[in-house]
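No hydrogens, no waters, no symmetry mates; every other heavy atom, side chains included, goes into these values. Quick caveat: nothing in here was measured; it's all calculated off a predicted structure.
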Amino acid sequence: MANVSTLRFGAQTDEVTSLLRIVNMVRSGEAVTRPEIGRVTGLGRGVVAQRIDRAVDMGFLEDAEYAPSSGGRAPRTLRFRAERGRIVVCALGGLHIHVGITDLDGEILDEAHRAWDISEGPEKTLRRATTMVDDLLAAGDGTPVWAMVVGLPGPVDFETGRPVAPPIMPGWNGFDVRRAFEERYDAPVWVDNDVNLLAAGERARRREDGVDLIYCKVGTGIGAGLVSRGRLHRGANGAAGDMGHVRVPGVEHVCRCGKTGCLEAVAGGWALVRDARARVADGATGMLADIAASGSELTPEDIAISAERGDPLAISLIQSSARQVGEAIAALVNMFNPGIIVIGGAVASTGELFLAEVRHRVYELSLPLATRDLLIKTSENDRSEPVRGGVDLALEQLFEVSLPRWFAEGRPTVAAVHGTPAAG
């Protein structure tokens with residue numbers, strides 16, 4: 001039987017490969033009994049038993065209840081020991097921080113959410129975020145953190161975990177977000193664009209192989225997450241899907257990124273707030289005008305809620321945003337040919353009011369072949385979406401990408417996963 005030294009992965013052996021595959025098969029539910037594993041892998045009964053014994057010794061698997069009998073002795077099932085580690089997701093938005101903790105099966109154990117302005121800068125923001133994480137971990141049972149995922153509302157170099165010239169995040173450019181978390185929690189960390197987390201969550205809802213999907217978030221800003229053949233497409237430098245800064249012809253508004261005429265500058269939530277204030281100043285009345293008159297700061301959520309309640313000004317703003325977003329999505333449909341488009345975010349939370357305009361523009365401007373089997377829908381509007389998506393990304397990186405590098409250690413480490421130890 002293999003010992004730990006033979007499981008060092010300078011070069012993978014057939015034994016190592018089959019051992020990793022068996023652990024992942026049980027974890028994913030592809031095969032959970034010894035006979036099933038033998039049929040799927042083609043390995044002999046003795047080899048299967050040996051590999052499973054090794055996985056049990058290392059703490060990854062254990063025997064569970066008996067499966068239904070198919071005529072002979074009922075086989076005992078195996079279970080992946082998801083309780084051995086925790087995954088932490090920290091989703092930073094333009095105006096909020098959302099953290100969640102799950103087990104290794106992705107079951108959410110605890111969450112916290114608070115308002116926060118990302119423009120406060122990296123030091124203050126990460127200090128607040130880690131305090132929230134610490135509070136959740138302190139309320140738990142002390143199970144170690146195996147992985148962390150951090151979502152940021154801007155372009156991210158996925159390989160380094162650093163934001164790259166994020167338009168709404170002053171002071172964040174090049175900041176080593178990954179290291180900041182690795183030093184504190186001694187666990188591998190992956191940093192990605194926040195919309196990619198949402199796209200990963202939608203991917204997780206559709207486990208069929210090869211899904212082609214676009215998640216378009218229309219909130220304070222606008223961005224898209226692209227899934228191609230079941231894999232997140234980040235582009236060469238992590239900038240894929242940054243549709244909020246596509247130029248809209250004839251528009252002269254200055255965007256928060258400093259350029260002129262960006263989609264976000266006419267259809268993003270902050271732009272709608274700007275336009276609402278201007279319309280109220282010109283004499284518009286109604287629910288939005290009443291909120292502005294009360295002294296409260298208008299928000300994209302105020303506009304969405306007012307539109308749902310029939311406020312004419314809010315409805316016109318939402319429909320205008322949807323038309324512009326629909327035109328941008330139509331271009332993506334022609335180039336990317338997705339099977340599913342999911343629309344989420346605060347501005348799009350009006351549901352059919354927003355969705356109807358998007359559908360109209362997409363079907364009007366896209367090629368018939370590209371829209372023949374296209375489904376366009378709103379997100380589930382689940383408050384836990386960023387956490388679910390972050391967990392899906394973490395599980396992919398832990399068990400599909402980096403597992404051979406850390407399996408022999410019994411749990412993932414920063415050095416094994418990313419190649420270098422966390423400083424500190």
Side-chain angles (χ1 to χ4, degrees), residues 2-12 15-28 51 54-62 79-90 99-109 130 133-134 136-137 140-151 156 158-161 176-192 196-197 200 204 232 387-424:
N3 57 36
V4 170
S5 65
T6 67
L7 294 175
R8 303 294 175 181
F9 297 100
Q12 285 196 48
E15 177 185 356
V16 167
T17 301
S18 59
L19 182 55
L20 298 179
R21 188 180 181 199
I22 287 170
V23 169
N24 260 330
M25 289 170 67
V26 175
R27 181 187 67 84
S28 66
R51 302 293 187 270
R54 185 64 186 139
V56 170
D57 288 344
M58 296 181 72
F60 288 97
L61 304 180
E62 70 177 10
R79 65 176 291 270
F80 176 71
R81 295 186 59 197
E83 71 280 1
R84 288 188 62 213
R86 297 288 182 257
I87 295 173
V88 176
V89 178
C90 183
V99 300
I101 295 179
T102 80
D103 65 14
L104 299 179
D105 274 341
E107 180 181 350
I108 296 175
L109 305 175
T130 54
V133 172
D134 290 346
L136 292 187
L137 291 174
D141 59 7
T143 301
V145 175
W146 275 33
M148 299 189 72
V149 170
V150 181
V156 174
F158 187 71
E159 294 302 316
T160 66
D176 196 344
V177 176
R178 187 170 79 189
R179 180 179 292 270
F181 281 92
E182 286 179 345
E183 288 178 343
R184 189 178 186 92
Y185 299 103
D186 191 26
V189 176
W190 289 273
V191 185
D192 209 343
N196 282 344
L197 267 62
L232 281 166
V387 175
R388 299 187 197 285
V391 168
D392 189 69
L393 190 155
L395 293 177
E396 175 186 61
Q397 293 298 317
L398 278 181
F399 293 102
E400 297 179 31
V401 177
S402 68
L403 181 60
R405 299 199 291 269
W406 61 264
F407 185 85
E409 307 291 339
R411 58 165 288 186
T413 64
V414 175
V417 171
H418 291 310
T420 56

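- Among residues two or more places apart in sequence or in another chain, the side-chain hydrogen bond (donor to acceptor under 3.5 Å, both in side chains) test is passed with Arg81 by Glu83.
- Applying the side chain to side chain contact (heavy atoms under 4.5 Å, CB included) test to Val88 and every residue at least two apart in sequence or in another chain returns Ile101, Val133, Leu137, Val145, Met148.
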Worked verdict on Phe399 versus Ser28 for side chain to side chain contact (heavy atoms under 4.5 Å, CB included): CA-CA 10 Å; Phe399 293 102; Ser28 66; over 6 Å; no
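- For the residue pair Ala55 and Val23, the shortest heavy atom distance occurs at CB-CG2, 3.9 Å.
- Contact record, Ala147 with Leu398: CB-CD1, 3.7 Å, taken as the closest heavy-atom pair.
- In this structure, the side chain of Arg51 does not engage the main chain of Ser18 through any donor-acceptor pair within 3.5 Å.
- The shortest side-chain heavy-atom distance between Phe80 and Leu61 falls under the 4.5 Å cut-off.
- In terms of heavy-atom proximity, Arg411 sits nearest to Pro144 at NH1-CB, 3.5 Å.
- Under the side-chain hydrogen bond (donor to acceptor under 3.5 Å, both in side chains) criterion, Glu62 pairs with Arg79, not counting sequence neighbours.
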Test side chain to side chain contact (heavy atoms under 4.5 Å, CB included) on Val89 and Leu197 and set out the steps. CA-CA 10 Å; Val89 178; Leu197 267 62; 4.2 Å; yes
CA sep, side-chain torsions, deciding dist, call: Ile22, Phe60, side chain to side chain contact (heavy atoms under 4.5 Å, CB included): CA-CA 10 Å; Ile22 287 170; Phe60 288 97; over 6 Å; no
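- Between the OG1 atom in Thr160 and the CZ atom in Arg178 there is a gap of 7.0 Å [rounded to 0.5 Å].
- Annotation for Ala82 and Asp103: closest pair O-CB, 3.5 Å, computed over non-hydrogen atoms.
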Does the pair Arg54 and Glu15 meet the rule for a side chain to side chain contact (heavy atoms under 4.5 Å, CB included), with working shown? CA-CA 11 Å; Arg54 185 64 186 139; Glu15 177 185 356; 5.6 Å; no
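- A donor-acceptor pair is defined here as one N or O able to donate and one able to accept, closer than 3.5 Å; no such pair exists between the side chain of His418 and the backbone of Trp190.
- Residues Arg27 and Asn24 have side chains that bring a donor and an acceptor to within less than 3.5 angstrom of each other.
- Partners of Asp134 according to the side-chain hydrogen bond (donor to acceptor under 3.5 Å, both in side chains) rule, which considers only residues two or more places apart in sequence or in another chain, are Arg184, Tyr185.
- Residues that satisfy the salt bridge (charged side-chain N to carboxylate O under 4.0 Å, His left out) test with Arg86, not counting sequence neighbours, are Asp141.
- Of all heavy-atom pairs spanning Ile87 and Ala394, the tightest one is CG2-CB, 3.8 Å.
- With values rounded to the nearest 0.5 angstrom, Glu396 atom CD is found 6.5 Å from Asp392 atom CG.
- A search for side-chain hydrogen bond (donor to acceptor under 3.5 Å, both in side chains) contacts involving Ser402 returns Trp406, not counting sequence neighbours.
- Residue Leu104 holds its CG atom at 9.5 Å from OG1 of Thr143, rounded to the nearest 0.5 Å.
- Considering OG1 of Thr102 and CG of Leu395, their distance stands at 7.0 Å, rounded to 0.5 Å.
- Heavy atoms only, all atoms of each residue included: Pro404 and Val401 are closest at CD-O, 4.0 Å.
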